2 protein chains.
Amino acid sequence: MDLRRLRYLVTVADEGHITRAAERLGIQQPPLTRQIRALEDELGVVLFQRLPRGMRATEAGRVVVEEARRILERADRLPDTAARAARGEQGRLAIGYTSSGAFQPFVAQQIRAFRTASPGVQLALAEDGTPELVAALEEERLDAAFVRSGGAHGAGLRVEPLLEEPMVAALPTGHRLAAAGGVALAELADQTFVFYRRPTGPGLHDAIVAACLRAGFSPMVGQEAPRMSSTLGLVAAGLGVSIVPASMQRMNVEGVVFTPFKGDPGLAAPLLLVTRRRDRSPIVEAFRAQAKAAATD
Amino acid sequence: MDLRRLRYLVTVADEGHITRAAERLGIQQPPLTRQIRALEDELGVVLFQRLPRGMRATEAGRVVVEEARRILERADRLPDTAARAARGEQGRLAIGYTSSGAFQPFVAQQIRAFRTASPGVQLALAEDGTPELVAALEEERLDAAFVRSGGAHGAGLRVEPLLEEPMVAALPTGHRLAAAGGVALAELADQTFVFYRRPTGPGLHDAIVAACLRAGFSPMVGQEAPRMSSTLGLVAAGLGVSIVPASMQRMNVEGVVFTPFKGDPGLAAPLLLVTRRRDRSPIVEAFRAQAKAAATD
DNA sequence: CCCGCCCATACCGCGAAGGTATGAAGATCG
DNA sequence: CGATCTTCATACCTTCGCGGTATGGGCGGG
């Protein structure tokens, strides 16, 4: 099968004459005759009735011509399709985020903004833990991920801080320290802590422990939860207190109150964007550029 | 644009290696390298990243590969599409019928049967007068037509009788002759007749007049209607009586009763199938064969 | 009945695609 | 750290197929 032959076919069908079609195609009549015959042989079907005064497409011929038109149209659009894809206007982008990222308004905002800016790009979203996201990026199941801590990763990944948000204390409703306008980190020294599982490598968990040590105490860790969102459930159940990024306040968990810190606890939750360093995809580039621009506003 | 190159493209994308792709394609590696480069030049877009250990499709490359797959799939199906079209399993068939044909159960039955037998064929239906149908056939706006009389037509058309059905008298309700189990043609001698317009050439109209003459009278023609269905409206209004094919009884017009003829009035309404003699379309052939087979049952 | 139109066939030349040989660049391993 | 291997790129040659020219054949029109 050859596109040239299909092009010849539709021209002959349009003109109804091999001679005139050849003229329009800028070739001579005999080669065109042979190409049409070759096509008929290849398909095993008679496409034209040879009349003494021209050519008439048979019923099968008409069907094939219509199909050929559709194929040619797509093929002719291919350079344009390619150019649009190269400009990042179409394709696929797989974005991951941690459960804590899912509550960050910035994350949802970036995804929504990208969807409207590049409607030709198909988005795939995934929520998972930081180690899983990093692994997915390395295996190219994801193209970009929002995480809260770098995690352990090879040199193939690029980690860029987007923004930092303050952290707040999460206390059970009616807790002694919940009443005032705020709480100092040192006041939590005698509290049992509930934490999300320490991800592989340095993360929020370590930053909190470090801040506590600077405040003069070593936190008592009671329970651990697999993800930040379930941590709040344990707090609500009264198993202890926790420290979470301010954006987690958006999650209204019955039985949990959030309290800002008085003074500077030396604690901030970063939001990081992770991509593959080698990835030259214009779509990923566009997404990175958009997110970094929005973060510096 | 060349389908061969698209085929090479998707193979390279699938394998991730030019060398292995060349092996699978049964060619050597250098020509394949050149073809891929040529395709990139033609599209003006880099489709693959050259890694020291193989080729990786860029984002644009992935988009182009997917589009190429779609194009190739259609092109590869073309021989099968052509074969199916040649067997008359797909295409288009335009069928016309006269207003009287619209009430013939045989006509609707054939159209329905063909639609289920050849679901790939798109049907176009048209109701019109015999002369218009004949003209449409000659100008190839129609492929087949059901008519009641041959009409005037060139030698290019083939007219085949399918079946003959008896004719019945159509009388206003409460008419003197409507009571008995039947009426003899001669009994209508003193009645005023309502007829549909005489089509160009010999038709039902002439057959009826001839039968009346054989029965010993010349019918008095009062009003004429443009189509057979409107004739019945005039009968209902009491403007006269008419003679119509038996299948017209299916049209329940308020104020009209139908009565069979006693004895043999020498009247029968033929149903004819008209096609183009030169038409070699397998679809039309299939339809003709089906209709003729059904008619001889 | 001859002429003209249009499709089919025969033969030739050229260009593009494939093959062979070889180079260059980077990963792998001792 | 250097030898080797892997893989893509380049150079040159060969071949096949497409298009061109010349010509035949069939059917309709004057």
Side-chain angles (χ1 to χ4, degrees), chain A residues 1-43 45-58 61 65 68 72 75 138 154-156 276-278 280, chain B residues 1-43 45-58 61 65 68 72 75 138 154-156 276-278 280:
Chain A
M1 190 51 46
D2 186 349
L3 286 184
R4 189 185 334 109
R5 285 183 177 173
L6 296 186
R7 231 175 277 282
Y8 289 176
L9 171 70
V10 303
T11 307
V12 171
D14 286 346
E15 294 289 335
H17 284 261
I18 285 205
T19 309
R20 243 181 285 160
E23 196 175 331
R24 219 180 84 184
L25 288 166
I27 64 172
Q28 294 306 106
Q29 167 263 317
L32 185 52
T33 294
R34 263 181 296 138
Q35 292 298 330
I36 295 296
R37 287 195 71 80
L39 189 57
E40 287 182 324
D41 290 349
E42 188 177 347
L43 296 178
V45 158
V46 178
L47 299 173
F48 292 96
Q49 285 180 56
R50 272 67 171 179
L51 304 179
R53 227 59 189 177
M55 312 271 282
R56 268 183 53 75
T58 61
V65 166
L72 287 172
E138 279 166 345
R276 269 187 305 280
R277 204 176 290 280
R278 282 197 215 173
R280 293 268 175 283
Chain B
M1 191 51 47
D2 186 348
L3 286 185
R4 188 185 335 109
R5 286 182 178 173
L6 296 187
R7 230 175 280 281
Y8 289 176
L9 172 70
V10 302
T11 307
V12 171
D14 285 346
E15 295 289 336
H17 284 262
I18 284 204
T19 307
R20 245 182 282 162
E23 196 174 332
R24 220 179 82 187
L25 288 166
I27 64 173
Q28 295 304 106
Q29 166 262 319
L32 184 53
T33 295
R34 264 180 296 142
Q35 291 298 330
I36 296 296
R37 287 195 71 80
L39 188 58
E40 287 182 323
D41 289 350
E42 189 178 345
L43 296 178
V45 159
V46 178
L47 299 173
F48 292 96
Q49 288 180 51
R50 273 68 169 178
L51 305 178
R53 225 61 187 176
M55 312 272 282
R56 272 181 50 75
T58 61
V65 165
L72 287 172
E138 281 167 343
R276 268 186 305 280
R277 204 177 289 279
R278 282 197 215 172
R280 293 268 175 282

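These figures come from a predicted structure and were not determined experimentally. So you know, we letter chains A, B, ... as the sequences are listed, proteins then strands, and number each from 1.
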Query raised in the report: So do Asp2(A) and Asp2(B) actually touch side chain to side chain, heavy atoms under 4.5 Å?
Result: yes
Query raised in the report: Quick check: does any side chain N or O of Glu40(A) sit under 3.5 Å from a backbone N or O of Leu47(A), one acting as donor and the other as acceptor?
Result: yes
Report task. Quick one, give me the B/S/- string for nucleotides 9-24 of chain D, reading 5' to 3', where B means a protein heavy atom under 4.0 Å from the base and S means that only happens at the primed atoms, P, OP1 or OP2. Result -> BB-------SBBBB--
Query - Phosphate-side-chain proximity, Thr19(B) and dT6(D), N/O vs OP1/OP2 below 4.0 Å - result: no
Query raised in the report: Do Arg56(B) side-chain atoms and Gly54(B) backbone N/O form a donor-acceptor pair below 3.5 Å?
Result: no
Query raised in the report: Can you check the His17(B) NE2 to dT7(D) P distance for me, whole Å?
Result: 6 Å
Requested in this report: Please check if any side-chain donor atom of Thr11(A) sits under 3.5 Å from a side-chain acceptor atom of Glu15(A), or the reverse.
Outcome: no
Requested in this report: Side-chain contact test, heavy atoms from C-beta onward, threshold under 4.5 Å: evaluate it for Leu9(B) versus Phe48(B) and give yes or no.
Outcome: yes
Query raised in the report: When you measure from the side chain of Glu42(A) to the backbone N and O of Met1(A), does any donor-acceptor pair fall under 3.5 Å?
Result: yes
Query raised in the report: In whole angstroms, how far is the C1' atom of dC7(C) from the CD atom of Glu40(A)?
Result: 12 Å
Query raised in the report: Between Glu15(A) (CD) and dC5(C) (P), how many Å, whole number?
Result: 18 Å
Query raised in the report: Between Pro52(A) and Leu51(B), who's closer to the 5' end of DNA chain D by nearest nucleotide?
Result: Leu51(B)
Report task. Would you kindly give the CD-to-P distance between Glu23(B) and dT7(D), to the nearest whole Å? Result -> 11 Å
